[in-house]
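Here's the structure, in structure tokens; my notes come after.
A quick note: this is a predicted structure, and the numbers were derived from the prediction, not measured. Numbers for residues simply follow the sequence, beginning at 1.
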Amino acid sequence: MEIFLKNGSIELNDGATCHDAAIKISEGLARSAVAAKVNGKLCDLSSKLSSGDKVEIVTLKDKEGLEVYRHTCAHVLAQALKNIFPTCNLAIGPVINNGFYYDVDFNTPITQDDFAKIESEMLKIIKANTPIERFELPRKEAVKLMKKYGEKYKIELIEDLPEDEPISFYKQGSFTDLCRGPHLPSTGKIKAFKLVSIAGAYWRGNEKNKMLTRIYGVAFAKKDEMEAYFTMLEEAKKRDHIKLGKELKLFALMGEGKGFPFFLPDGMTLKNILLDYWRDLHRKEGYVEIQTPIILTRSLWENSGHWDHYKDNMYTTVIDGEDCAVKPMNCPGGMLVYKLSPHSYKDLPLRAAELGLVHRHEKSGQLHGLFRVRCFTQDDAHIFMLPEQITDEIKGVVRLTDKIYKQFGFKYKIELSTRPENSMGSEEDWDIATAALKAALDELGLEYELNEGDGAFYGPKIDFHLEDSIGRTWQCGTIQLDFQMPQRFELEYIGEDGLKHRPIMIHRAIYGSIERFIGILIEHYAGKFPVWLAPRQVQILPITDRTLDYAEEVAKTLRENGIRCDVDKRNEKIGYKIREAKMEKVPYVLVVGDKEAEDATVNVNKRGTEEKQTVALKDFVKTIVEENDKKIIF
């Protein structure tokens, strides 16, 4: 039979498996294979092939390969737990970023002190290199098997499966678990894992159900990758934006406003620098800026679709007897602004930007510093355009996004998300919108990953995932193509033919949330902001009160040249003040004494170096102004 690969085809005997295909391609590939994709569906290497199948061999270099690897680690954990604690009941064990977890119902509670013996048992299972075999059973037999093992949670899962769905299990030695799969061919392929934490979790996320024990683990293809991960975690602790935000007096988190951060003077300076930079770029790109109300009527949110799709995350109120909602998004207000004036095809594209404060109800347990808050400023823009302008406008947004991210020293990856299950609009509109996003990315020659089924409810989207200085990724920017909202709000323009037409719309954000972006920047730079971003660029330290007047002259000169600075007038020893300024991560510390006052010089201490240099004040001003104006990153 003929099997098709990405590049060409191969001939295999009838009844051949994915593993046979891997061997036929190359023995080296077969050794590193962990799973396969058959006609786009991920499956075990033991899966049998049919003539005409399209096959891709999956290794640990692939995202799907690591997911299979980590899911198998979860099954090894489950087997180890059943070996050590035979009376425990297993619930679910999915894959998460960098690892896995398993929810378990224990008769006797366990703690992290038990991890050593659990890991030891897992190592025995891995060392045994037991084959992992898939089999399917009819529903009644599946329930009977799980009753035999006393697995009540598995029985509940089986009973909730669709009638036509095959019920599959995976067996490794004496252990059997309900699972869709796929899995590694054997337990011995696992090379690096570690159990890291324990938590409580309600069965199926419902607080009315029993609290189970969730055991988290990490798993990597190689031990050195796992070591690098833990090194990164240690570095991340030092960069924690909540800790640094407090130390650098940027923002405060208070019980009186849970999820509503307070920005302090230096934090507001940083925020305004980001907004000024944003505004300057957008003016140059032909955007106009608008502002829409924070509270709008329920009927507006019903019309936009948010009331049906997003109501649980919205804050509501009643004004003059009318139901209203605090806006969780800026888009509907932007629709109303567009409708205020008639538009011609000559007016389009119209690029309307808004730095809008939005509010979303997040559960208290999900709040985290500036990363997960209940109110934030979104750097939204809505572009209204003709169908033939779609690709060029998307390309323009991508180029602007690229420019901004590079300015902060970020690398990034792009993800294209397609139609979700709970969506609005026709299949035809979605196909056109998705094709337009793909075309823009392809024409720009950009690589991207396809994320099936994760688009917004009104349209497909492009997401930008930033990579920071220690290798972590953050989802920030987004470009969403929307055919639905212009229809729901009956937006129009007069075409070249003199008739009314419906514009197409792009929703886009680059920072995403200004607050979250600030948190990312704090951790990216470890609080050591480049000069152009630093809330305080220069700290001036007079050695004695005699040179206080000269210190103020230096400050005046710097401020006149647009440099942010302070004079430390405290009656403290100069060494102490220098150390404190360094702790506050100020880019430049200037020490001025009698000699500097006499010669119109400053003694420069540059952050990150032990070098001290005395230079003429005018020369220092020239240097820092140039560094500030050029927005040098490091």
Would you say [X]'s side chain and [Y]'s backbone share a donor-acceptor pair under 3.5 angstrom?
X	Y	result
Ser47	Cys43	no
His75	Tyr170	no
Asp497	Leu499	yes
Lys24	Glu11	yes
Asn330	Asp380	no
Lys154	Ala91	yes
Thr377	Ile514	no
Asp431	Glu428	no
Asp44	His183	yes
Gln389	Leu386	yes

Check the surroundings of atom [atom1] in [X]: do more than 12 heavy atoms from other residues, nucleotides or ligands lie under 6.0 Å from it?
X	atom1	value
Glu388	CD	yes
Arg139	CZ	yes
Asp280	CG	yes
Gln291	CD	no
Lys413	NZ	no
Asp276	CG	yes
Lys54	NZ	no
Glu447	CD	no

Checklist entry - Rounded to the nearest 0.5 Å, how far does CG of Leu481 lie from CH2 of Trp430? => result 9.5 Å
Checklist entry - What is the distance from atom CG of Leu521 to atom CG of Leu274, rounded to the nearest 0.5 Å? => result 6.0 Å
Item to check | Arg372 vs Glu362, salt bridge (Lys or Arg N to Asp or Glu O under 4.0 Å): CA-CA, chis, key distance, verdict | outcome: CA-CA 8 Å; Arg372 199 70 178 265; Glu362 301 285 358; 3.1 Å; yes
Checklist entry - After noting the C-alpha distance and the side-chain angles of Asn303 and Phe489, does the key distance pass the side chain to side chain contact (heavy atoms under 4.5 Å, CB included) rule? => result CA-CA 7 Å; Asn303 191 23; Phe489 280 88; 3.5 Å; yes
Checklist entry - What residues, two or more places apart in sequence or in another chain, satisfy side-chain contact (heavy atoms from CB on, under 4.5 Å) together with Tyr202? => result Glu207, Met211
Is it true that [X] and [Y] have ring centroids separated by less than 6.0 Å?
X	Y	result
Phe408	Phe517	yes
Tyr310	Trp301	no
His524	Phe410	yes
Tyr493	Tyr345	no
Tyr338	His343	yes

Determine whether the side chains of [X] and [Y] contain a donor N or O and an acceptor N or O closer than 3.5 Å.
X	Y	result
Glu452	Thr418	yes
Lys327	Thr292	yes
Glu467	Trp474	no
Ser304	His306	yes
His241	Glu523	yes
Ser9	Glu2	yes

Checklist entry - Could Arg360 and Phe376 be counted as a cation-pi pair, given that NZ or CZ must be under 6.0 Å from the ring centre and within 45° of the axis? => result no
Item to check | Six-ring centre of Tyr101, Arg214 cation under 6.0 angstrom, axis tolerance 45° | outcome: yes
Any salt bridge linking [X] with [Y]? Criterion: basic side-chain nitrogen under 4.0 Å from a carboxylate oxygen.
X	Y	answer
Asp160	Arg204	yes
Glu496	Lys346	no
Lys406	Asp402	yes
Arg488	Glu490	no
Glu56	Lys6	yes
Lys339	Glu492	no
Lys411	Asp468	no

Checklist entry - Only one of His382, Gln487, His507 forms a side-chain hydrogen bond (donor to acceptor under 3.5 Å, both in side chains) with Asp482, so which one is it? => result His507
Checklist entry - Does the side chain to side chain contact (heavy atoms under 4.5 Å, CB included) test come out yes or no for Glu289 and Glu354, once each step is laid out? => result CA-CA 6 Å; Glu289 187 174 352; Glu354 177 173 15; 5.9 Å; no
Next on the checklist: Tell me every residue that passes side chain to side chain donor-acceptor pair (under 3.5 Å) with Tyr153, counting only those two or more places apart in sequence or in another chain.
Outcome noted: Asp105
Next on the checklist: So, using side chain to side chain donor-acceptor pair (under 3.5 Å) as the criterion, who are the partners of Lys461 when residues are at least two apart?
Outcome noted: Asp463
Item to check | Validation row: Val58, Val68 side chains within 4.5 angstrom (heavy atoms) | outcome: no
